[in-house]
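Just so it is clear, the model here is predicted, and its values are computed rather than measured. Remember, it's 1-based here, ligands and their atoms both numbered in the order they're listed.
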Amino acid sequence: MEDNLLASASSTDRGSWNSKLGFILAAAGSAVGLGNIWGFPTQVADNGGAAFLIIYLLTSFLIGFPVMVAEITIGRKTGKNPVGAFKALSSSKFFPLVGLWGVICGVMILSFYTVIAGWAFGYAFEEIFYTIGLDQAAVWIQDVGNGSKNALVAAVFMLATIKIITGGVSEGIERATKTMMPLLIGVLLIMIIYVLFQPGSSEGIVAYLLPDFSLIDSDLIFSAMGQSFFSLSLGMGALITYGSYLSKKENIPQAAAFVTLADVGIAFLAGLLIIPAMYLAQSNGVEIFKDSGQLIDSTTLVFTVLPALFHSMGTIGVIFGVTFFLLLSIAALTSTISLLEVPVSYAIDEYNVTRKKSAWTIGLGILAISMVIAFRPDFIDYFVIVFNNIGLPAGGFLISVFIAYIWKTDNALEEMSHGFAGIKESLFAKVWPVFIKYICPLAILYTLIQMIGIF
Ligand code: PFF
């Protein structure tokens with residue numbers, strides 16, 4: 001009976017996932033994006049190689065996964081956007097503001113995300129222009145410092161996102177993710193094999209896989225925590241929103257485990273490609289590090305290293321280059337959709353606006369901020385610190401506190417029992433509450449407090 005009520009409540013205006021796989025695909029589509037292929041390898045290169053990898057794995061599995069389960073459960077229980085969800089589960093005046101903070105983080109992250117996604121999309125064309133001899137066009141499209149070009153491509157990207165969002169939540173995302181993910185993994189694997197056979201790549205493999213534990217400091221832990229939250233799409237209610245379209249038949253911990261594994265797995269593969277490729281590029285004369293050992297430009301690192309790699313492969317490199325950057329663009333698109341869906345679902349639920357009006361108004365508003373970033377990409381670093389590295393873990397901290405001490409883990413486990421029949425007797429029911437009550441909030445709080453010392 002309850003199932004039916006919920007299905008009808010969520011499938012009328014708000015939409016719901018089409019297939020059983022729909023949610024998993026959409027959540028994985030949200031998670032896998034620029035964070036994996038642009039963000040993660042750059043952070044590895046900037047923060048001590050394998051030492052960063054280890055802390056990132058720990059923060060993703062031990063902190064990210066429990067918070068992901070928490071977000072999806074809140075979303076499915078309430079069938080609401082992040083603000084409405086907190087309102088529905090408590091009479092607290094404070095926690096809806098946490099939802100609102102998530103909406104704001106979504107808006108600000110999307111504003112710079114579209115600019116970087118535009119770069120990735122542009123590089124697919126750069127490879128083509130370069131091959132057919134349109135050298136000037138190739139130079140134009142690859143110039144990440146060209147404000148009007150950045151603005152144009154970011155606008156194309158935002159319009160595509162708005163268009164998909166106005167069409168409803170499911171079909172486009174599900175279909176795009178289903179083909180994009182296996183293809184992306186395939187291309188990554190082939191490229192990794194190619195790179196590993198190049199003389200000079202071993203230095204990169206050592207840097208990526210052999211940890212120097214002395215490099216672990218509070219700065220590194222802070223970056224790894226932020227990267228995990230960003231990459232898993234956590235802390236701003238994206239998964240509360242996606243969870244709100246989820247049917248009661250779905251097993252939440254299992255779905256969250258799949259999404260976490262897929263996301264971390266793809267980030268790991270991207271690192272295995274890009275870190276050795278970075279050392280190769282460097283031995284071919286591409287300047288990557290300053291004398292101080294820091295990256296010359298962390299925002300554009302991946303867009304320097306990968307094209308250099310594709311060009312070094314000859315004609316076949318063009319095919320790989322175009323395929324790779326197109327796949328990366330699709331991966332970014334399934335993430336921008338989830339970023340925009342957060343404020344859009346908030347406006348639909350809380351202000352009774354139509355999906356179409358909400359998507360266009362908010363989407364174009366965010367695009368206005370993107371226009372500023374298109375001309376000033378140096379702002380991205382500041383946005384990353386405030387909205388990713390501080391904003392998302394802070395959101396995750398408050399979500400954990402909310403479940404642990406306001407809504408209570410028993411109620412959350414009760415909600416999870418739909419789709420996971422024996423949950424009460426499972427190991428999960430013993431371990432997850434410990435993480436949500438103590439380990440996640442304390443670890444995040446510790447990291448954020450340490451951060452105060454960094455600045
Ligand atoms: N997870 C996405 C990526 O790794 O590119 C970015 C992202 C999407 C962050 C959705 C936050 C979010 F809510």
Side-chain angles (χ1 to χ4, degrees), residues 25-44 56 59-60 64-65 67-68 70-72 74-75 81-82 98-99 101-121 157 161 164-165 169 173 176-177 180-181 184 224-244 256 259-260 262-271 299 302 327-346 366 380 383-384 386-396 399:
L25 287 174
S30 166
V32 175
L34 295 170
N36 306 62
I37 287 158
W38 163 79
F40 174 71
T42 311
Q43 298 264 13
V44 170
Y56 167 78
T59 50
S60 296
F65 169 70
V67 173
M68 183 182 289
E71 279 204 29
I72 301 171
I74 293 179
N81 70 87
V98 174
W101 171 244
V103 173
I104 295 169
C105 285
V107 165
M108 301 310 274
I109 290 175
L110 182 55
S111 70
F112 74 79
Y113 201 96
T114 38
V115 175
I116 303 168
W119 291 343
F121 190 50
F157 217 87
T161 307
I164 296 179
I165 289 268
V169 288
I173 316 177
T177 309
M180 175 272 293
M181 288 236 293
L184 187 63
M225 183 76 82
Q227 176 60 28
S228 289
F229 272 82
F230 181 70
S231 191
L232 292 168
S233 302
L234 294 176
M236 50 158 275
L239 290 176
I240 294 183
T241 310
Y242 272 19
S244 74
V259 174
T260 307
D263 188 61
V264 172
I266 291 184
F268 177 77
L269 289 180
T299 315
V302 169
L327 288 171
L328 181 55
S329 305
I330 299 172
L333 189 61
T334 53
S335 300
T336 53
I337 291 165
S338 70
L339 283 161
L340 184 56
E341 183 63 23
V342 174
V344 166
S345 72
Y346 167 61
I366 297 174
I380 292 177
F383 275 52
V384 167
V386 177
F387 300 106
N388 292 6
N389 288 359
I390 299 176
L392 300 183
I399 289 169

Original post:
Looking at F230, F40, F268, which one forms a ring-ring contact (aromatic ring centres under 6.0 Å, His included) with Y56?
Top reply: F40

**OP:** Kindly give the heavy-atom pair with the smallest separation between T334 and M180, and that separation in Å.
**Re:** OG1-CE, 3.9 Å

**OP:** Please test V384 against F112 for side chain to side chain contact (heavy atoms under 4.5 Å, CB included), starting from the C-alpha separation and ending with a verdict.
**Re:** CA-CA 9 Å; V384 167; F112 74 79; 3.9 Å; yes

Original post:
Mind checking what residues have non-hydrogen atoms under 4.0 angstrom from ligand 1?
Top reply: S30, A31, G33, L34, G35, N36, Y113, F230, S231, S233, M236, A238, S335, S338, L339

Original post:
So, T260 side chain and F65 main chain: donor-acceptor pair closer than 3.5 Å or not?
Top reply: no

**OP:** Measure the shortest side-chain to side-chain distance between L328 and W38 over non-hydrogen atoms and say whether it is less than 4.5 angstrom.
**Re:** no

Original post:
Looking at T42, I116, L34, which one forms a side-chain contact (heavy atoms from CB on, under 4.5 Å) with V302?
Top reply: T42

